[in-house]
Amino acid sequence: MINKESVLSRTSKIIFLSICLIVTVFPLYWIVITSLKAPGTIYSLPLDYWPKEISFENYIGLFTKSDFGQYMINSLLVATVAATVATLISLLSAYVLARFQFSGRGAVLGAFLLTQMIPGFIALGPLYMMMTNFDLVDSKTGLILIYIAVCIPFCTIMLRGFFENVPDALEEAAMIDGCSRLSALFRVLVPVMMPGIAASFIFNFVNCWNELFLSVTLMNSDENKTIPTALAGFISSFNIDWGSMSAAAVLTVVPTLVIFAFASKFIVQGLTAGAVKG
Amino acid sequence: MALNAEQEVVRGRSSAGAPPQTSYTRKKRFNSKTALTMLAFMAPAAIFVGIFTYYPMISGSQMAFRNWNLNDLSDTSWVGWGNFRTLFENPEFGTIVRNTIVWVVGSLVPQVVIGFALALFLKRKFKFRGAYQAFIFFPWAVSGFLIGMLFRWMFNAEFGVVNDLLMKVGIIHSPVPWLAEPGFAMTAIIIANIWYGVTFFAIMILAALQSVSDEMYEAAAIDGAGKIRTFFSITLPAISVTLGLTILLRIIWIFNFPDIIWAMTGGGPADQTHIITTYMIKITQKGDYGQASALGLIVVFTLMLFAAFYLMAVRPRKENR
């Protein structure tokens with residue numbers, strides 16, 4: 001039997017977990033504090049661990065001096081559309097991979113896995129030229145198309161795991177009642193799998209929201225830039241305006257943080273399914 | 001990005017040996033109408049990945065053997081191994097390779113050790129464990145680039161909080177120029193990467209730990225095994241396969257992860273903190289896609305070779321029958 005924890009091990013556990021928590025959360029705390037300092041006071045010693053007076057000047061500046069509002073709208077649009085389409089497409093492919101045994105199945109899975117192991121930069125040049133030919137450079141449509149393709153392999157593998165947890169008697173019953181396979185999938189399976197689908201969608205969304213290198217390569221007008229591209233623009237200049245930078249960072253991180261916090265349980269479930277069941 | 005692969009390994013392990021008794025799905029036979037539906041269901045995914053991932057990847061690979069510079073596309077002739085030779089003759093190449101190894105090993109080992117400890121502490125239920133996990137999860141929501149920026153600011157020599165805290169505690173007496181000196185810069189980027197990756201290992205190891213049955217621990221306790229003995233004789237062997245494969249895929253992933261470095265140092269000072277993938281970005285930005293692709297192929301083959309050796313080394317030994 002596992003006996004009760006000793007005082008010593010309990011104390012060490014609390015200390016260790018506290019340190020981990022502090023170290024994990026501190027960078028976020030610090031960037032929030034920096035963003036709330038008045039621009040002048042960021043570069044003054046000694047450092048304040050709590051702003052003397054809270055100022056929203058950095059945030060206001062972000063929206064008045066740069067097109068940050070536009071970048072946010074762009075990111076929101078690109079990430080939402082790409083994540084939605086990718087999730088829908090992956091739903092179909094994951095269904096096939098989860099439910100049927102066919103000869104190319106291993107190869108398809110292998111091909112999806114392989115996309116995750118090869119450095120993406122090999123593809124960057126040809127991708128750029130291809131998009132030039134399609135006239136989709138510096139276009140949100142172009143970026144969305146690429147993001148969909150980037151999301152599909154992972155999303156398919158994740159959703160496949162969720163499908164395998166749902167008995168197939170469910171959609172068979174629906175099909176006997178006269179549903180087509182497609183409508184059985186959407187009317188019967190999708191509602192049951194909603195947590196898993198939501199987690200996959202959120203994962204896609206966050207990946208697209210955060211994606212940097214493709215966006216930097218393809219987008220160059222203010223009208224089309226996404227947030228990461230704009231942030232990267234902040235460092236190409238020699239002096240970084242850390243006030244605006246941290247305000248921008250907070251605005252970028254907080255939305256993803258909120259949705260991740262809600263979905264973390266399901267995302268963990270999706271990632272570790274199988275291991276838990278042994 | 002590599003998360004999926006890791007997930008696949010975890011699942012692969014559970015379904016490889018025994019029949020997939022945990023799965024509700026019976027893989028069924030199908031008629032031609034079903035086959036057509038299947039094809040229609042697979043088609044969108046295949047088309048997207050084919051056009052936007054595989055075509056550029058394959059097309060990019062052949063660039064490695066051509067003179068392909070975006071700034072001058074008048075001569076894109078085949079140059080054989082020319083691009084590879086240029087790379088190997090580059091005096092910086094040695095530094096880059098060394099940095100890559102330091103980056104991978106230096107990030108991975110602490111990630112595994114701290115992640116393992118965290119998982120062991122989280123294994124037993126306690127009040128607020130759910131909330132704790134949600135907080136610890138936070139680095140995952142942040143992009144690698146932003147993490148780089150956060151740490152770049154914290155490691156700022158003059159106004160950085162790291163120097164300030166270290167001086168308050170008395171570990172250092174004057175500010176350390178973290179990102180201006182190669183050795184310190186390398187340390188700083190690795191610390192950032194450790195911060196990012198610990199959670200992931202904690203989650204994967206925790207999942208593996210929870211799959212070890214309680215009976216095994218009870219049996220060990222009855223046999224009088226102490227904590228340390230139990231850890232090495234029960235816990236470690238039980239999760240070794242998952243752990244080994246998670247580590248392998250993580251190595252591949254860290255190898256291919258330039259974001260933090262790109263944001264924190266951009267490879268500087270004086271190109272001293274480049275790893276292979278950040279160097280690849282640098283060449284790409286100069287427009288020399290031929291050389292960048294050559295470097296990419298070197299990465300792919302190195303990783304494939306490494307994976308093959310690694311799998312041979314860690315493959316569970318067959319018990320005597």
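Residue numbers begin at 1 in each chain, while the letters A, B, ... track the order of the sequences.
Using a 4.5 Å cut-off between heavy atoms, A:L88 makes no contact with chain B at all. Contact of A:L21 with chain B is made through backbone and side chain together, with heavy-atom distances under 4.5 Å. If you measure heavy-atom distances from B:K33 to chain A, you find no contacts under 4.5 Å at all. Heavy-atom distances place both the backbone and the side chain of A:L127 under 4.5 Å from chain B. At a 4.5 Å heavy-atom cutoff, the contact between B:M280 and chain A is made by side-chain atoms alone. Residue B:A292: no heavy atom, backbone or side chain, is found under 4.5 Å from chain A. Contact of A:V23 with chain B is made through backbone and side chain together, with heavy-atom distances under 4.5 Å.
Between B:F151 and B:W195, a ring centre-to-centre spacing shorter than 6.0 Å is recorded.
Salt-bridge formation is not detected for the pair A:R99/A:E164: no Lys NZ or Arg NE/NH1/NH2 atom is positioned less than 4.0 Å from an Asp or Glu carboxylate oxygen.
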Could you tabulate the donor-acceptor pairs under 3.5 Å formed by side-chain atoms of residues 46-56 of chain B, not counting sequence neighbours?
from, atom 1, to, atom 2, distance (Å)
B:Y54, OH, A:A111, O, 2.5

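Taking A:L182, A:L28, A:I31, A:V253 one by one and counting their heavy-atom pairs under 4.5 Å with chain B, the maximum is reached by A:L28.
The heavy-atom pair separating A:S35 from A:V250 by the smallest distance is OG-CG2, 3.9 Å. A pairwise comparison of heavy atoms in B:A263 and B:F145 identifies CB-O, 3.2 Å as the closest pair.
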